[in-house]
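Hydrogens, waters and symmetry mates play no part in the numbers below; they use all other heavy atoms, side chains included.
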Amino acid sequence: MKSGKRGPGRPRSFDQEQVLEQATQVFWAHGYEGASLAMLQAATGLNPPSIYHAFGSKAGLYSACLDHYVSNVRQQTNAALTREVADRAGLAEFLLSAARQFTDAGCPGGCMISTAALELPPQSDPVARAVAGRRDTTLGLLTDYFRRAQAAGNLDTGADPRALSRYFGAIIQGMSVQARDGATADELTAVAHIALTAWQEPSAARR
């Protein structure tokens with residue numbers, strides 16, 4: 001999408017989607033604090049005044065990049081949690097897709113939401129809240145998935161959907177960190193298969 005016509009004092013128009021993709025790669029690789037305005041300028045071709053004019057602030061650009069990441073990368077993984085049938089196979093698809101995506105050689109390692117803004121100074125609290133909110137969205141998807149699995153008779157009624165969502169959220173975050181440390185897709189796939197043993201089959205199926 002192109003920005004609007006140039007007016008007095010306005011920066012030159014640019015392709016917003018392209019800028020967001022380029023800036024996302026910088027934030028993903030270096031984190032919010034590590035991504036300097038000089039890095040963002042080099043990647044996007046926008047000088048700091050243009051960035052501030054278009055996005056309000058570095059934090060505004062980061063928030064827009066988070067949305068871009070969710071729509072273009074994370075959605076591919078989360079799609080497994082929105083499938084019509086909620087069962088163990090769908091959860092496996094979610095975890096295995098994450099293992100592949102976190103180790104994709106064409107992207108920075110890990111998940112931008114899990115690792116790009118873990119520790120921030122107090123003045124960056126709005127950024128921390130923005131990232132936490134997106135993590136909460138995934139936890140909500142997981143909780144809803146487990147509840148639907150129970151309603152469909154695919155997960156034991158004694159299972160705690162909220163606790164399971166926290167558990168698998170922790171697994172995803174841990175996989176992301178390990179991917180940044182060099183874990184391979186095969187290694188993360190093995191982690192995913194071990195985590196799947198937490199899925200509790202309906203009691204009747206276990207007899």
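- For residues 152-175, the pairs satisfying ring pair (Phe, Tyr, Trp, His ring centres under 6.0 Å) are Phe146-Phe168, with sequence neighbours left out.
- Nearest heavy-atom pair across Ser114 and Arg135 is O-NH1, 4.2 Å.
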Derivation and outcome, side-chain hydrogen bond (donor to acceptor under 3.5 Å, both in side chains), residues Asp186 and Thr189 = CA-CA 5 Å; Asp186 287 344; Thr189 294; 5.1 Å; no
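- Cation-pi check for Lys58 over Tyr32 is met; the charged atom lies under 6.0 angstrom from the ring centroid and within 45 degrees of its normal.
- Under the 4.5 Å side-chain heavy-atom criterion for Ile, Leu, Val, Met, Phe, Trp and Tyr, Tyr52 and Leu20 are members of the same hydrophobic cluster.
- For the atom pair CG of Leu46 and NE2 of His53, the computed distance is 12.0 Å after rounding to the nearest 0.5 Å.
- Taking a cutoff of 4.0 Å between a charged side-chain nitrogen and a carboxylate oxygen, Arg148 and Asp144 qualify as a salt bridge.
- Minimum heavy-atom separation, Arg74 to Cys111: NH1-SG, 3.0 Å.
- Taken from CG in Asp136 to CG in Leu141, the straight-line distance is 11.0 Å, to the nearest 0.5 Å.
- The CG atom of Leu155 sits 10.5 Å away from the CG atom of Asp87 when rounded to the nearest 0.5 Å.
- In terms of hydrophobic clustering, with Ile, Leu, Val, Met, Phe, Trp and Tyr side chains grouped at heavy-atom distances under 4.5 Å, Met112 and Leu95 are assigned to different clusters.
- With rounding to the nearest 0.5 angstrom, the CG atom of Asp15 is 8.5 Å from the CD atom of Gln22.
- A donor-acceptor contact shorter than 3.5 Å links the side chain of Asn154 to the backbone of Ala86.
- With values rounded to the nearest 0.5 angstrom, Gln101 atom CD is found 6.0 Å from Cys107 atom SG.
- Under the 4.5 Å side-chain heavy-atom criterion for Ile, Leu, Val, Met, Phe, Trp and Tyr, Leu66 and Met39 are members of the same hydrophobic cluster.
- No single ILVMFWY cluster, assembled from side-chain heavy atoms under 4.5 Å apart, contains both Leu196 and Leu96.
- Considering all non-hydrogen atoms of both residues, Arg83 and Ala89 come closest at NH1-C, 3.9 Å.
- When all heavy atoms of Arg88 and Trp199 are compared, the pair lying nearest together is N-CZ2, 3.5 Å.
- The closest donor-acceptor contact from the side chain of Ser176 to the backbone of Ile172 lies at 3.5 Å or more, if one exists at all.
- In this structure, Leu81 and Glu93 have side chains that are not in contact, with every pair of non-hydrogen atoms separated by 4.5 Å or more.
- With Val26 as the partner, the side chain to side chain contact (heavy atoms under 4.5 Å, CB included) test is satisfied by one option alone out of Leu61, Leu40, Thr44: Leu40.
- Two different hydrophobic clusters hold Val131 and Leu142 under the rule that ILVMFWY side chains link at heavy-atom gaps under 4.5 Å.
- Exactly one residue among Trp28, Tyr62, Phe27 makes a ring pair (Phe, Tyr, Trp, His ring centres under 6.0 Å) with Tyr69. That residue is Trp28.
- The minimum heavy-atom distance between Asp156 and Gln150, with the atom names listed, is O-NE2, 3.0 Å.
- Thr82 places a side-chain N or O within donor-acceptor distance of the main-chain N or O of Ala79, the cut-off being under 3.5 Å.
- Arg180 approaches Ala29 most closely through the heavy-atom pair NH2-O, 2.9 Å.
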Residues Ile113, Gln173; criterion side-chain contact (heavy atoms from CB on, under 4.5 Å); working and verdict | CA-CA 9 Å; Ile113 295 174; Gln173 285 182 270; over 6 Å; no
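- The backbone N or O of Phe94 lies less than 3.5 Å from no partner atom in the side chain of Ser97, so there is not a single donor-acceptor pair.
- For the atom pair CZ (Arg147) and CG (Leu164), the distance works out to 11.0 Å, reported to the nearest 0.5 Å.
- Thr77 has its side chain out of reach of Arg100: every pair of non-hydrogen atoms, C-beta onward, lies at least 4.5 Å apart.
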